[in-house]
Amino acid sequence: MMDRDPIELRPGARVWHGFIDRKGQEALVDDIRRVVAAAPLFRPVTARGRPMSVRMTSAGVYGWVSDRSGYRYETRHPEGMAWPAIPDRVLGIWRAVSGVERAPQCCLVNFYDAGAKMGLHQDRDEADFAMPVVSISLGDDALFRIGGTERGGATKSVWLGSGDVAVLSGEARLAYHGIDRIRPGSSTLLPRGGRINLTLRVVD
Ligand code: MD6
Ligand code: FE
């Protein structure tokens, strides 16, 4: 499954390029189609009322939502259903790279179309920052930018391709990071193009 050692972008921030082979990526897309069939993608609105450019849904005990009341974890989709279970194949990737015994409680599914991006942010809505965040990239390449734990510091960028896995842990767990842009048409994995990112977290 894994064909190389990870690249360390900064202490605690690791990327395994090519972690998941094409067959594995296709199987993950099928898993995500089932998640989206049970819990449809929605476009979150920021607390200030601005629609985000990514569409989202979640699997797991908790899903991440954002609306005019702010962002938070919820046990139900905005339409009222419980979130579907995190697919076993996704849990297997967590076990392979997370280095922790606990299972993830949230698998956030982000869908990026050609113009979508994600501003620099910290993942800090979870109770225990000793638990890493694991991210899986599928489909078009994305320019991932990571800085330090303060806003405005130096950043590094790396392209995340389909099948790449990234982990933020230790001193990078609260590092600012985001997606500047995707490279439309760079992958044939998704028939209509775009990018799926899965981020896995222990929440409580
Ligand atoms: C993305 N990723 O790749 C956005 N968060 O689309 C994240 O926000 C992220 O890649 C925490 C850890 C790794 C990540
Ligand atoms: Fe994040």
Side-chain angles (χ1 to χ4, degrees), residues 6-17 19-20 25 28-29 32 41 43-44 46 52-60 62-66 71-73 86 90 93-94 96-100 104-149 151 155-184 186-187 189-190 193-203:
I7 289 166
E8 193 149 44
L9 298 172
R10 46 186 300 123
R14 285 186 284 278
V15 176
W16 284 261
H17 289 294
F19 192 82
I20 307 159
Q25 295 170 37
L28 281 167
V29 171
I32 298 311
L41 290 168
R43 189 181 300 279
T46 66
M52 293 180 68
S53 61
V54 297
R55 289 182 294 148
M56 296 183 175
T57 189
S58 293
Y62 294 103
W64 193 87
V65 301
S66 179
Y71 52 82
R72 62 204 177 272
Y73 285 104
I86 301 177
V90 174
I93 294 167
W94 168 275
V97 300
S98 70
V100 299
Q105 295 171 302
C106 175
C107 173
L108 176 64
V109 178
N110 284 141
F111 180 78
Y112 294 72
D113 64 15
K117 55 191 162 55
M118 186 168 301
L120 284 177
H121 65 276
Q122 292 173 297
D123 285 30
R124 55 177 309 154
D125 303 325
E126 302 76 31
D128 183 358
F129 298 136
M131 295 290 113
V133 183
V134 171
S135 125
I136 301 169
S137 293
L138 296 167
D140 287 339
D141 297 344
L143 188 56
F144 179 76
R145 181 199 291 268
I146 182 164
T149 54
R151 241 185 217 291
T155 62
K156 287 182 189 170
S157 294
V158 63
W159 285 96
L160 295 180
S162 198
D164 291 357
V165 173
V167 176
L168 294 187
S169 61
E171 41 179 301
R173 176 63 179 74
L174 291 173
Y176 277 91
H177 60 279
I179 297 292
D180 288 342
R181 58 193 159 90
I182 75 164
R183 198 146 55 188
S186 50
S187 165
L189 185 68
L190 302 173
R195 172 176 185 258
I196 295 168
N197 175 257
L198 309 178
T199 42
L200 296 159
R201 305 182 182 84
V202 176
V203 172

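Computed from heavy atoms alone, side chains included, the values below leave out hydrogens, waters and symmetry copies. Note that ligands are numbered from 1 as they come in the structure, with each ligand's atoms numbered from 1 the same way.
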What residue and heavy atom of the protein are closest to [atom], and at what distance?
atom                    : result
atom 14 (C) of ligand 1 : Ser135 CB, 3.5 Å
atom 2 (N) of ligand 1  : Asn197 OD1, 3.7 Å
atom 5 (N) of ligand 1  : His177 NE2, 2.7 Å
atom 6 (O) of ligand 1  : Tyr112 OH, 2.4 Å
atom 3 (O) of ligand 1  : Arg195 NH2, 2.9 Å

**OP:** Step by step, work out the side-chain hydrogen bond (donor to acceptor under 3.5 Å, both in side chains) result for Asn197 and Ser135.
**Re:** CA-CA 7 Å; Asn197 175 257; Ser135 125; 3.2 Å; yes

Original post:
Mind checking whether Asn110 has a heavy atom under 4.0 Å from ligand 1?
Top reply: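 Asn110: no contact with ligand 1 (<4.0 Å).
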
Original post:
Could an N or O of ligand 1 be found under 3.5 Å from any N or O of Arg201, whether backbone or side chain?
Top reply: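 Min N/O separation from ligand 1 is not below 3.5 Å for Arg201.
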
Can you tell me if [X] uses its side chain to pair, donor with acceptor, with the backbone of [Y] under 3.5 Å?
X      : Y      : answer
Arg43  : Ser53  : yes
His17  : Val15  : no
Gln25  : Val29  : no
Thr149 : Leu174 : no

Atoms in ligand 1 flagged as close to [X], the criterion being non-hydrogen separation under 4.0 Å:
X      : result
Val133 : 11 (C), 12 (C)
Ile179 : 1 (C), 3 (O), 4 (C), 6 (O)
Asp123 : 5 (N), 11 (C)
Phe144 : 10 (O)
His121 : 8 (O)

Original post:
Have Arg145 and Thr155 got a donor and an acceptor in their side chains that come within less than 3.5 Å?
Top reply: yes

**OP:** Say whether Glu126 and Tyr73, considering side chains only, have a donor N or O and an acceptor N or O under 3.5 Å apart.
**Re:**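 Indeed, the side chains of Glu126 and Tyr73 share at least one donor-acceptor pair under 3.5 Å.
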
Original post:
Are the charged groups of Asp125 and Arg72 less than 4.0 angstrom apart, N to O?
Top reply: no

Original post:
Ion pair present between Arg195 and Asp140, side-chain N to carboxylate O less than 4.0 angstrom?
Top reply: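 Between Asp140 and Arg195 there is no salt bridge, as every charged N stays at least 4.0 Å from the carboxylate O atoms.
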
Subject >> Working for ring-ring contact (aromatic ring centres under 6.0 Å, His included), residues Tyr71 and Trp64 >> reply: CA-CA 7 Å; Tyr71 52 82; Trp64 193 87; 5.7 Å; yes

Original post:
Under 2.8 Å from the Fe ion (ligand 2), which protein atoms of type N, O or S occur, listed by chain and number?
Top reply: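 Listed by chain and number: His121 NE2, Asp123 OD1, His177 NE2.
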
**OP:** Take Tyr176 and Gln122 through the side-chain hydrogen bond (donor to acceptor under 3.5 Å, both in side chains) test and state the conclusion after the steps.
**Re:** CA-CA 5 Å; Tyr176 277 91; Gln122 292 173 297; 3.2 Å; yes

Original post:
Under 4.5 Å between any side-chain heavy atoms of Val97 and Phe19, yes or no?
Top reply: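 The answer is yes; the side chains approach within 4.5 Å.
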
